[in-house]
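Everything below concerns the one structure shown next.
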Amino acid sequence: MHVDLDYFFAQCEERENPSLMNKPVVVCVYSGRGGDSGAVSTANYVARKYGVKSGIPIALAKRILKDRDAIFLPVRHEFYETVSQKIMQVLRSHADKFEQVGIDEAFLDVSKQVSGDFEIARELAKEIKKEILTKEKLTCSIGLGPNKLVAKMASKFQKPSGLTIVKPEEVEHFLSEMPVGELYGVGRKTEKVMQKLGIKTIGELARYDVEKLVEVFGKTMGTYFHNASLGIDESPVQEVGRAESISRIVTLKQNTRDLNIILEEVYPLCDYVHSRVLEQGLNFRSISVIAVMKDLSIHTRSKSLGSPTSEPEVIRKMMKELFERLLEEEQELEVRRAGVKVSSFVEAKRGQTYLTDFASKA
DNA sequence: GTATGCTTTCGGC
DNA sequence: TTACGGCCGAAAGCATAC
């Protein structure tokens, strides 16, 4: 079973302020450059009707919704996180095995408790929808299928507030006529390539020679696309462990190639990343910098450390070196956004102290 | 020849 | 007419170790 909370951020805002209902609601990530600079995080279905959706520029959304009484709100991440945690607790209580995906989705393995019976599963899904509506006043869309992939495709099939059941014998019919771009894992880029191969629907992908797919997309992805097109997926529902990376990125006040200006804006992100690492009792072995250029192309540079650390000074020093290198190697464009990421975590020893502690004591 | 590690890019939400 | 976030994980591609 896949549960997807409908237009989550915007629905949370509607719940807090019911007067928003029936108006276009657009939740925005303002970049901090002033005005309407930034992107749409999510929009309710009234706004979507006009083509306003995740990822488009706020300024474009405003133009589309001009004179339509639209509401534009800044994202309130902590608020959504609190709502999410309560809902995930409810969902988890109904699952034999549970897997949260992002802030607003989850897979529930319920095959044991329904003994593989899709009609019993249907009733369970109805109960879950009712419970989330009663307890948290939010709607969700649920997909039921023989595996995660089909359940995910099913939850997307009818929304908002949908319930779609795809039994094993219905999988082929359910998938075959869909545009290939609808298949999970097929983004815009992959869709373009498949179009060139003459593949427009998932059914056509299913009939396409696997070996040729492997030639074009590599072994992993080629095999994945073949299986996925047939609704085959054996990946288990499993609890997500700790994050494998922690990152933070900002939009610079102005585009620049000046290392010092970039560092001035990125150093504060180090403190954030460092505190997140610390509160989780981790050390990291790898550090990366990210630069989004004026043309929105993305470049990264990273370095592995000899030994795990969580020293903020190390983050700062490495960041400087990595941005220096990146600017040398990417001569063309100004940097628009810049960020930092740490990964390859290792449990820190209990009670571990830091060089800075000794320095301050000395 | 295979396993493993490192760096960079890509795609999803 | 243009406009443009902030995360995450997975895989590719290459180098090196054994």
Side-chain angles (χ1 to χ4, degrees), chain A residues 2 4-10 26-43 52-64 66 74-75 77 80-81 84 99-106 149 152-153 155-156 181-193 214 216-225 235 240-252 255 269 272-273 276 285-306 318 322 325-326 329-330 336-345:
Chain A
H2 182 253
D4 193 342
L5 297 164
D6 298 320
Y7 60 104
F8 183 51
F9 296 177
V26 185
V27 179
C28 303
V29 185
Y30 290 95
S31 70
R33 281 195 173 186
D36 293 329
S37 176
V40 170
S41 181
T42 193
V52 171
K53 57 183 181 179
S54 301
I56 72 168
I58 297 168
L60 175 58
K62 287 213 169 166
R63 217 191 69 185
I64 294 172
K66 189 172 49 174
V75 282
H77 243 103
Y80 314 136
E81 186 59 45
S84 168
E99 178 178 342
Q100 182 174 343
V101 181
I103 196 169
D104 64 347
E105 291 179 34
L149 175 78
K152 168 109 186 150
M153 302 284 293
S155 73
K156 194 171 66 171
E182 298 279 305
L183 187 65
Y184 182 73
V186 178
R188 264 198 24 226
K189 211 153 178 162
T190 307
E191 186 179 7
K192 265 258 169 73
V193 177
V214 170
V216 177
F217 298 106
K219 181 153 188 185
T220 308
M221 296 313 289
T223 310
Y224 167 79
F225 290 140
S235 65
V240 291
R242 67 160 190 268
E244 295 190 5
S245 66
I246 294 173
S247 64
R248 186 90 171 166
I249 183 168
V250 288
T251 301
L252 305 176
N255 296 353
L269 308 187
Y272 169 85
V273 167
R276 291 266 326 260
R285 272 188 50 247
S286 178
I287 177 162
S288 317
V289 298
I290 306 126
V292 180
M293 316 305 278
K294 188 178 179 349
D295 68 346
L296 302 184
S297 64
I298 299 167
H299 301 274
T300 66
R301 293 294 181 272
S302 65
K303 186 151 182 60
S304 287
L305 277 36
M318 294 309 306
L322 290 167
R325 216 180 96 205
L326 194 150
E329 291 169 12
E330 303 295 334
R336 178 183 176 87
R337 302 164 61 204
V340 60
K341 172 173 101 168
V342 295
S343 56
S344 306
F345 295 126

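Just so it is clear: chains get the letters A, B, ... in the order the sequence lines come, proteins before strands, and each one is counted from 1.
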**Complete:** Separation between OH (A:Tyr80) and CD1 (A:Ile103), nearest 0.5 Å, reads 9.0 Å
**Request:** Select base, sugar-phosphate, or nothing to describe what A:Val292 touches, counting heavy atoms under 4.0 Å on all strands.
**Result:** nothing
**Prompt:** What is the nucleic acid contact for A:Lys152, judged by heavy atoms within less than 4.0 Å: base, sugar-phosphate only, or nothing?
**Reply:** sugar-phosphate
**Message:** Classify A:Thr190 by what it touches in the nucleic acid, base, sugar-phosphate, or nothing, heavy-atom distance under 4.0 Å.
**Reply:** sugar-phosphate
**Asked** What distance, rounded to whole Å, do you find between the two C1' atoms, one in B:dG12 and one in C:dG5?
**Response** 14 Å
**Message:** Assess the residue pair A:Met153 and A:Leu183 against the criterion (side chain to side chain contact (heavy atoms under 4.5 Å, CB included)); give the C-alpha distance rounded to whole Å, side-chain angles, the decisive distance to 0.1 Å, and a yes or no.
**Reply:** CA-CA 7 Å; A:Met153 302 284 293; A:Leu183 187 65; 4.3 Å; yes
**Prompt:** If we only count heavy atoms from C-beta on, is the A:His299 to A:Glu329 side-chain gap below 4.5 Å?
**Reply:** no
**Request:** Report which part of the nucleic acid A:Leu326 touches: base, sugar-phosphate, or nothing (heavy-atom distance under 4.0 Å, all strands).
**Result:** nothing
List, with names and distances, any nitrogen or oxygen atoms from the protein found under 3.5 Å away from nitrogen or oxygen atoms belonging to nucleotides 1-5 of chain C.
| residue | atom | partner | partner atom | Å |
| --- | --- | --- | --- | --- |
| C:dA3 | N6 | A:Arg63 | NH1 | 3.2 |
| C:dA3 | N1 | A:Arg63 | NH1 | 3.4 |
| C:dC4 | O2 | A:Gly55 | O | 3.4 |
| C:dG5 | OP1 | A:Ser37 | OG | 3.4 |
| C:dG5 | OP1 | A:Arg336 | NH2 | 2.5 |
| C:dG5 | OP2 | A:Arg336 | NE | 3.3 |

**Item:** N/O (side chain, A:Arg325) to phosphate O (OP1/OP2, B:dT8) under 4.0 Å
**Value:** yes
All N/O pairs under 3.5 Å across the protein-nucleotides 2-6 of chain B interface:
| residue | atom | partner | partner atom | Å |
| --- | --- | --- | --- | --- |
| B:dC6 | OP1 | A:Arg285 | NH2 | 3.1 |
| B:dC6 | OP2 | A:Arg285 | NH2 | 3.1 |

**Message:** What I want to check is whether the side chains of A:Ser31 and A:Ser37 have a donor and an acceptor closer together than 3.5 Å.
**Reply:** yes
**Message:** Side-chain N or O of A:Ser245 versus OP1/OP2 of C:dG9: is the shortest distance under 4.0 Å?
**Reply:** yes
Can you pull every protein N or O that's under 3.5 Å from an N or O on nucleotides 10-14 of chain C?
| residue | atom | partner | partner atom | Å |
| --- | --- | --- | --- | --- |
| C:dA12 | OP2 | A:Thr220 | OG1 | 3.4 |

**Request:** Verify the neighbour count for atom NZ of A:Lys62: are there more than 12 heavy atoms of other residues, nucleotides or ligands below 6.0 Å?
**Result:** yes
**Request:** Verify the contact: side-chain N or O of A:Ser247 to OP1 or OP2 of C:dC8, cut-off strictly under 4.0 Å; return yes or no.
**Result:** yes
**Asked** When you check the phosphate oxygens OP1 and OP2 of C:dC7, does a side-chain N or O of A:Arg248 lie under 4.0 Å from one of them?
**Response** yes
**Prompt:** Between A:His2 and A:Lys156, is any pair of side-chain heavy atoms under 4.5 Å apart?
**Reply:** no
